[in-house]
Protein chains: 2
Amino acid sequence: MGIREVAAAAGVSITTVSDALNGKGRLPDTTRLHVREVADRLGYRPSAAARTLRTGRSGLLGLTTAMRSTEPFALTEFAWFAELVRSATATALDLGYALVVLPASSPHDVWGNVALDGTIVVDPVDDDPLVLELLRRGVPVVSGGHPGSTPVYGWVDNDHVAAVRCVLDHLAQAGAGRIGLLAAADGPGTGKGVAGYRAWCADRGVPPITEEYEARTPGAGRAAATRLLDRAPDAVFGLHEGCAAELLAAARARELRVPDDLLLACCGEGADPSVTSLSLQPALAGAWAVELLVGVIEDAGAGSLLPAQRTVPTRLSVRDSSTRR
Amino acid sequence: MGIREVAAAAGVSITTVSDALNGKGRLPDTTRLHVREVADRLGYRPSAAARTLRTGRSGLLGLTTAMRSTEPFALTEFAWFAELVRSATATALDLGYALVVLPASSPHDVWGNVALDGTIVVDPVDDDPLVLELLRRGVPVVSGGHPGSTPVYGWVDNDHVAAVRCVLDHLAQAGAGRIGLLAAADGPGTGKGVAGYRAWCADRGVPPITEEYEARTPGAGRAAATRLLDRAPDAVFGLHEGCAAELLAAARARELRVPDDLLLACCGEGADPSVTSLSLQPALAGAWAVELLVGVIEDAGAGSLLPAQRTVPTRLSVRDSSTRR
DNA sequence: GCTTTACGAAGAAACGTATCGCCCCATACC
DNA sequence: GGTATGGGGCGATACGTTTCTTCGTAAAGC
């Protein structure tokens with residue numbers, strides 16, 4: 001069931017079959033139709049492997065994330081990442097590509113066994129050896145989150161500083177004087193979020209009040225939330241998705257009412273409909289990263305030399321938890 | 001940077017390089033080491049495309065789900081499906097495969113452009129044309145959910161009837177007399193769940209009380225939950241993940257206390273820690289489906305003729321919402 | 001009548017790997 | 001001395017496409 005069988009059955013050469021099926025070459029419509037009809041009748045499907053070998057294009061995009069902890073797929077459990085992957089997959093398919101999610105490293109050499117047209121690296125570490133190796137091989141790389149000094153082809157990222165400022169300004173405007181911050185140490189964007197928070201505090205001349213925890217350690221979130229409330233803030237900002245539940249529980253245990261005694265805002269898509277939340281819009285990030293990557297792949301050569309960059313907007317949904325009655 | 005360059009640099013033939021790198025043939029360790037050293041120095045990576053063409057194996061597994069609604073990726077938003085995909089991805093990687101998620105149909109011919117060693121089809125419709133086409137091409141197919149009359153190589157599924165009975169028995173034992181059912185019409189496993197519910201009702205000689213809704217229609221869930229409570233049940237079972245929140249909200253609006261006035265149990269992983277929930281263990285389903293599929297791929301020939309089948313256990317977590325005080 | 005142009009189609013060379021079978025050269029054995 | 005034996009290595013082919021180049025023929029232009 002190769003192209004040869006089709007050629008034989010249609011009484012033409014394989015060149016003609018290839019041209020007819022791919023809309024290339026100079027062929028009268030009669031021939032084209034005839035070949036297509038024969039191919040259909042025989043149930044012919046071109047071999048993806050052979051096409052990939054010949055053209056150098058596989059139609060496959062990789063998506064990975066640098067491992068910060070030793071646990072593979074640590075980010076997977078953050079809804080932020082899951083949503084990014086979902087959106088990236090859908091966008092890739094729209095553009096005619098399939099997307100495969102790979103771990104940064106694995107016992108089997110998966111990276112060597114798939115031909116990738118390009119790769120998205122989410123939250124890369126500086127000079128990630130995996131990224132450098134990909135670039136060396138000529139595989140375009142686009143990063144989600146600022147790539148640091150790694151010379152990628154482009155990246156998408158939120159303006160974390162502005163986003164954090166937006167939330168903190170909102171809390172301050174709602175009457176907060178001492179705003180605390182709770183963050184998962186190994187979560188996405190923690191570094192920038194905390195930095196933005198500290199910068200804002202410095203601007204205002206107020207002391208920062210922060211607590212961090214390991215997301216993967218059971219109970220660590222609750223403990224950190226409790227520690228944070230120990231420091232008597234009148235508002236708290238949870239930088240990660242689990243934070244809202246932990247902070248609410250800790251507040252209840254302490255008989256603090258939200259929002260009366262404590263204002264609350266969190267990042268995330270706001271599973272709890274009463275909590276003010278800042279969405280980082282991971283779906284946009286995923287879609288744009290794919291668009292950027294596909295742009296690089298298909299422009300190859302004509303492309304601009306500068307890495308393309310897009311800033312993903314954030315959206316603050318103000319809910320009861322940060323509205324003084 | 002092909003195998004030829006390595007051969008030239010090492011002063012041997014490409015056969016020797018291939019054998020040395022793949023641990024085949026009869027070569028003294030000195031040669032093997034030498035070739036490997038040269039290959040490393042040159043940064044040689046075998047071409048996945050060429051290997052795939054030659055060996056007929058790509059190391060890629062597909063995962064798809066039949067489209068029930070017109071919307072692509074309808075199931076994606078069910079946490080059940082998302083978790084299944086996550087687990088399947090991880091398991092595939094453990095076994096040395098990468099997993100690519102594809103829509104049942106798409107404007108671009110993605111299925112034709114990727115070489116798949118096998119495919120998992122979640123909740124296939126009977127005699128799904130896509131599945132039949134894959135089987136015709138000789139691609140092993142394993143299904144998640146009973147495949148009906150489609151001659152797949154194997155499948156994994158929950159025992160839906162037993163699972164539903166387990167929940168209903170629990171509610172009855174907790175004192176429920178009139179148990180209602182709320183289900184998303186287009187959700188996974190709806191048909192079997194509802195059938196199991198009706199069978200249980202018939203066994204007990206009680207009338208079924210069911211309401212369904214379209215998961216994708218905003219407000220439909222709330223409306224259906226309200227309709228269900230209109231029919232005055234003293235316990236309700238939500239067959240899908242969103243049901244808990246909808247039922248709780250509807251109950252609150254009606255000033256019904258849970259569990260005092262209304263017992264509540266749902267399927268899903270129980271985002272709300274106070275709701276009794278039946279987990280279908282999608283992670284197990286995903287992992288097992290991959291294991292089955294890889295088994296079929298690697299056994300090819302020696303395999304048994306009967307399709308392999310595994311029943312995924314369910315787990316009922318009893319919480320406050322179904323515990324009479 | 002001879003050259004140009006255009007059209008229709010085919011030949012053949014890659015793409016980079018894996019592998020079957022073969023060859024050569026020692027050493028050992030009768 | 002002739003022949004098994006086995007280790008070490010290589011030549012050549014096939015996997016199934018895409019595409020560059022070439023070729024023949026017929027119509028059109030001078």
Check your understanding: Just checking, is any N or O donor in the side chain of B/S149 or B/D127 under 3.5 Å from an acceptor N or O on the other one?
Key ->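 Side-chain D/A pair, B/S149 to B/D127: present.
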Point to revise | Any donor-acceptor N or O pair under 3.5 Å, side chains A/S18, A/T15 | key: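 No, no side-chain donor-acceptor contact under 3.5 Å.
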Quick one: label [X] by what it contacts on the DNA or RNA (base, sugar-phosphate, nothing), any heavy atom closer than 4.0 Å.
X: B/R26; answer: base
X: A/T52; answer: nothing
X: B/N22; answer: sugar-phosphate

To the nearest angstrom, how far is [X] atom [atom1] from [N] atom [atom2]?
X: B/I3; N: D/dA12; atom1: CD1; atom2: P; answer: 17 Å
X: B/R54; N: C/dT19; atom1: CZ; atom2: P; answer: 6 Å
X: A/M1; N: D/dT17; atom1: CE; atom2: P; answer: 10 Å
X: A/D29; N: C/dG8; atom1: CG; atom2: C1'; answer: 13 Å
X: A/I14; N: D/dC15; atom1: CD1; atom2: C1'; answer: 13 Å
X: A/E5; N: D/dT17; atom1: CD; atom2: P; answer: 9 Å
X: B/D19; N: D/dC10; atom1: CG; atom2: P; answer: 10 Å
X: B/R4; N: C/dC15; atom1: CZ; atom2: C1'; answer: 9 Å

Any side-chain N or O of [X] less than 4.0 Å from the OP1 or OP2 oxygen of [N]?
X: B/S47; N: C/dT17; value: no
X: A/S13; N: C/dA9; value: no
X: A/K24; N: D/dT19; value: yes
X: B/T55; N: C/dT17; value: no

Point to revise | B/R45/A/D109 ion pair, N-O < 4.0 Å | key: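 Yes, charged N to carboxylate O under 4.0 Å.
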Check your understanding: What is the distance from atom CZ of A/R51 to atom CG of A/N22, rounded to the nearest 0.5 Å?
Key ->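 Atom-to-atom, A/R51:CZ and A/N22:CG are 5.5 Å apart.
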Exercise for review: Please state whether the base of D/dT18 and the side chain of A/T15 form at least one donor-acceptor pair under 3.5 Å?
Suggested key: no
Practice item. Between A/T16 and B/L53, name the one whose nearest nucleotide on DNA chain C is closer to the 5' end. Key: A/T16
**Study point:** Sole residue of B/V296, B/D299, B/L292, B/V294 in side-chain contact (heavy atoms from CB on, under 4.5 Å) with B/P140
**Key:**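 The passing option is B/V296.
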